[in-house]
Amino acid sequence: MAHEGEGEGSIGGTAADGGSAAVDTTLRLTAAREKGARGTTTVPAQATAPEDAASSPPSGGGGGDGKRRHAADAPKRKSVRVLRWTAIGVSAALLVTAGGGYLYYRHLAANITKDALNLGDSKVKKSEPNAAGQHPLNILLLGSDSRNTKEDLKLGGARDTVGDKERADVQMLLHVSADRSNMTVVSIPRDTRVTIPKCTDNEDGKVYPETSDIINTSLSHGGPGCTVATWEELTGIHIDHFMKVSFSGVVDMADAVGGVPVCVRDNVRDVKSGLKLTKGSHTIQGEQALQWLRTRHGFEDGSDIGRTHAQHLYMNSMIRELKASAKLTDPGKLRSLAEAATKALTVDEGLGSPKKLYDLGNDLKRVPASRTTMTTMPRLPDPRNPLAHVVPAPAAEQLWALLREDKPVDGKGKGKAGKKDSADPTPTSSTPKGEVAVTVRNGTGSATAAPVPGRASVIAERLTSLGYQQTRADTMIQPQQTTTISYPDAAAKPDALALAKSLGLPASAAKQAKAGDTATGLVLVVGADWKTGTRYPKSAAKNPEDALKSADPMKATDSKACMKVNPNNTW
């Protein structure tokens with residue numbers, strides 16, 4: 001996906017540092033035009049000053065001195081006329097430019113395709129702001145495999161899928177910290193088995209029931225809004241926006257950027273994607289860039305994991321290029337990128353204008369490349385189909401917890417992973433245990449295994465013995481990989497943390513409840529990571545930093561990264 005890497009330099013037609021003047025001028029002129037249309041007119045200073053000078057009566061008395069003064073002032077009057085006509089010319093030029101800018105803005109706006117943000121019934125609450133009132137930003141980046149246009153079909157792939165609903169073979173969650181000091185991009189393999197929640201298509205009203213399937217099929221359940229709902233169900237993270245790009249969009253974007261440097265350790269050839277490169281570094285663009293991003297068999301062990309690593313290398317390289325390059329200061333190239341970006345993207349309404357995309361680009365480029373980390377969700381083989389599919393590993397929940405709590409995964413700055421933020425100490429509960437209402441649910445089952453019978457009752461009895469007299473076992477089965485404690489509001493968070501401590505659960509297990517959960521008090525869901533015993537196993541309560549070690553981190557500043565080639569795909 002070419003557009004993901006624009007977070008540092010350009011999203012939706014914005015330029016790298018110092019290169020956004022052309023778009024900025026257009027946006028400012030558009031705003032001025034809209035302001036004028038509301039009845040407020042701003043007259044350029046150049047136009048008013050000469051007119052005022054020319055119409056002012058001459059100072060002093062009359063008499064014979066007037067003629068001499070008149071003659072003496074002739075050069076000045078000529079100068080005033082020149083200034084006057086110059087001012088009129090400048091004013092006319094401004095009006096023409098504003099009109100042209102406005103029309104071009106309208107043209108770019110018409111390029112953008114918009115869709116609903118979330119098609120699910122239950123939406124996760126937005127994260128609480130930090131002390132400065134800033135919110136973290138979560139954007140879901142999607143790459144569609146659709147072959148339903150002539151442009152996409154020409155680029156190859158499975159021709160037998162023509163006419164089918166599109167799938168999202170590339171999915172990445174881009175998390176930007178509230179203070180914009182760091183950014184984390186988490187990829188999920190397309191063949192990850194997850195729970196896809198019930199989604200209702202906004203266009204035809206069709207209802208897609210909840211199901212267990214691989215995550216790339218979620219896009220076909222009504223559109224990007226169902227993939228957003230799936231991610232929120234999986235991670236408990238509120239998604240603010242999404243961006244979707246097609247095959248042809250990737251090619252156009254790569255051409256507009258002007259090429260991205262990549263590296264392979266050996267000669268590589270992947271007949272499926274069409275990629276063929278010699279050992280070493282190459283600058284790829286256009287169709288070759290798409291081949292790189294689609295290549296699976298040619299990299300590492302030939303699985304989807306190798307493909308995500310290649311995508312991370314590409315995105316990091318693009319970030320470095322846009323930060324260091326002056327190529328986008330050229331108005332023509334900037335315009336080409338604006339055209340390519342707006343035509344390539346499908347976004348939610350919250351990003352549905354050039355100005356909103358421009359503002360987002362300016363926001364994202366504040367994040368330094370040195371604090372940008374690419375990762376892949378920790379995973380395990382899917383018991384149902386271990387050779388083809390994966391499921392989230394327990395460490396995945398630790399990674400989601402870091403993002404939910406807006407803690408940097410690189411271990412730098414305030415609130416770093418695995419350590420208590422000294423500026424935000426863990427609150428202490430003042431509520432007596434006997435007054436805390438707790439509902440326990442059995443979540444030990446999965447798409448491939450039945451839940452452990454009576455598990456909720458066992459843990460409920462344990463809590464009662466610990467003094468939580470208002471504990472009850474719920475008959476509701478809520479399968480999930482990891483054990484969690486949800487609380488209804490911020491005031492109940494200390495109670496949730498105290499409950500977690502009583503059972504040996506990490507603090508990251510406590511999280512605010514999703515909107516729509518009608519349970520009162522705290523809700524403890526015993527996950528598949530805790531199938532036996534009455535105290536949470538130490539082996540499952542790992543340090544959150546350990547989760548990152550299994551998430552294949554790659555820094556955006558790693559200019560020496562080079563893809564390992566699958567031995568079966570060399571030439």
Side-chain angles (χ1 to χ4, degrees), residues 1-11 16 139 141-145 155 168-174 183-190 243-265 268 270 272-300 303-325 327-328 337 340-341 344-345 364 369 372-376 552-566:
M1 293 173 63
H3 66 280
E4 291 100 339
E6 295 170 51
E8 295 288 346
S10 175
I11 283 195
I139 304 173
L141 309 174
L142 306 174
S144 168
D145 73 344
L155 296 171
D169 279 357
V170 177
Q171 299 188 27
M172 300 179 181
L173 177 63
L174 186 154
M183 179 167 66
T184 305
V185 179
V186 185
S187 289
I188 190 170
R190 66 171 186 172
M243 291 180 170
K244 178 173 74 78
V245 66
S246 63
F247 281 170
S248 55
V250 170
V251 172
D252 293 342
M253 290 288 292
D255 281 340
V257 170
V260 175
V262 296
C263 175
V264 288
R265 298 183 187 180
V268 60
D270 189 329
K272 293 287 187 180
S273 69
L275 182 70
K276 184 178 181 180
L277 294 173
T278 56
K279 177 181 178 180
S281 299
H282 301 266
T283 297
I284 59 175
Q285 64 184 94
E287 188 171 350
Q288 196 173 46
L290 177 63
Q291 292 170 347
W292 176 276
L293 295 169
R294 289 183 57 214
T295 292
R296 173 166 64 94
H297 301 285
F299 295 138
E300 299 182 355
S303 73
D304 202 39
I305 306 305
R307 173 159 52 190
T308 63
H309 293 165
Q311 291 165 355
H312 293 165
L313 187 152
Y314 181 93
M315 288 175 63
N316 283 339
S317 186
M318 177 179 281
I319 288 172
R320 293 194 303 272
E321 283 292 293
L322 291 172
K323 289 291 274 187
S325 175
K327 67 179 70 172
L328 295 181
L337 183 56
L345 294 174
L364 294 181
T372 299
T373 306
M374 305 283 172
T375 65
T376 305
D552 315 311
M554 185 184 296
K555 288 289 185 183
T557 50
D558 186 3
S559 60
K560 296 181 179 179
C562 200
M563 283 304 299
K564 181 180 179 181
V565 175
N566 187 329

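What you are looking at is a predicted structure, and each value in this text was computed from that prediction instead of being measured.
- Not one N or O on the side chain of R190 forms a donor-acceptor pair closer than 3.5 Å with the backbone of A168.
- Annotation: side chain of E300 is in contact with side chain of M563 (closest heavy-atom distance under 4.5 Å).
- Taken to the nearest 0.5 Å, the NZ atom of K276 stands 11.5 Å off from the CD atom of Q291.
- Between atom OG of residue S187 and atom CE of residue M315 there is a gap of 7.0 Å, rounded to the nearest 0.5 Å.
- Remark: N316 CG to T557 OG1 distance equals 8.0 Å, nearest 0.5 Å.
- Although no hydrogens or angles enter the test, the distance criterion places a donor-acceptor pair under 3.5 Å between the side chain of T308 and the main chain of I305.
- Side-chain atoms of Q311 come within 3.5 Å of backbone N or O of L293 as a donor-acceptor pair.
- No side-chain heavy atom of N566 sits under 4.5 Å from any side-chain heavy atom of H297.
- For I319 against A369, the heavy-atom pair with the smallest separation is CG2-CB, 4.2 Å.
- A donor-acceptor pair is defined here as one N or O able to donate and one able to accept, closer than 3.5 Å; no such pair exists between the side chain of R296 and the backbone of G306.
- Contact of the H282 side chain with the Q288 side chain is not registered, since no non-hydrogen atoms from C-beta on lie closer than 4.5 Å.
- Judged purely by atom type and a 3.5 angstrom limit, T375 uses its side chain to pair as donor or acceptor with the backbone of V185.
- With hydrogens and angles disregarded, no donor-acceptor distance shorter than 3.5 Å links the side chain of S317 to the backbone of L313.
- Distance NE2/H312 to OG1/T373: 11.0 Å, rounded to 0.5 Å.
- The CD atom of Q171 lies 12.0 Å from the NZ atom of K244; values are rounded to the nearest 0.5 Å.
- Rounding to the nearest 0.5 Å gives a distance of 9.5 Å between CE of M374 and OG1 of T184.
- Contact of the W292 side chain with the V264 side chain is registered, since non-hydrogen atoms from C-beta on lie closer than 4.5 Å.
- R265 contributes a side-chain N or O that, together with a main-chain N or O of C562, makes up a donor-acceptor pair within less than 3.5 Å.
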Check against side-chain hydrogen bond (donor to acceptor under 3.5 Å, both in side chains), K555 and T372: CA-CA 6 Å; K555 288 289 185 183; T372 299; over 6 Å; no
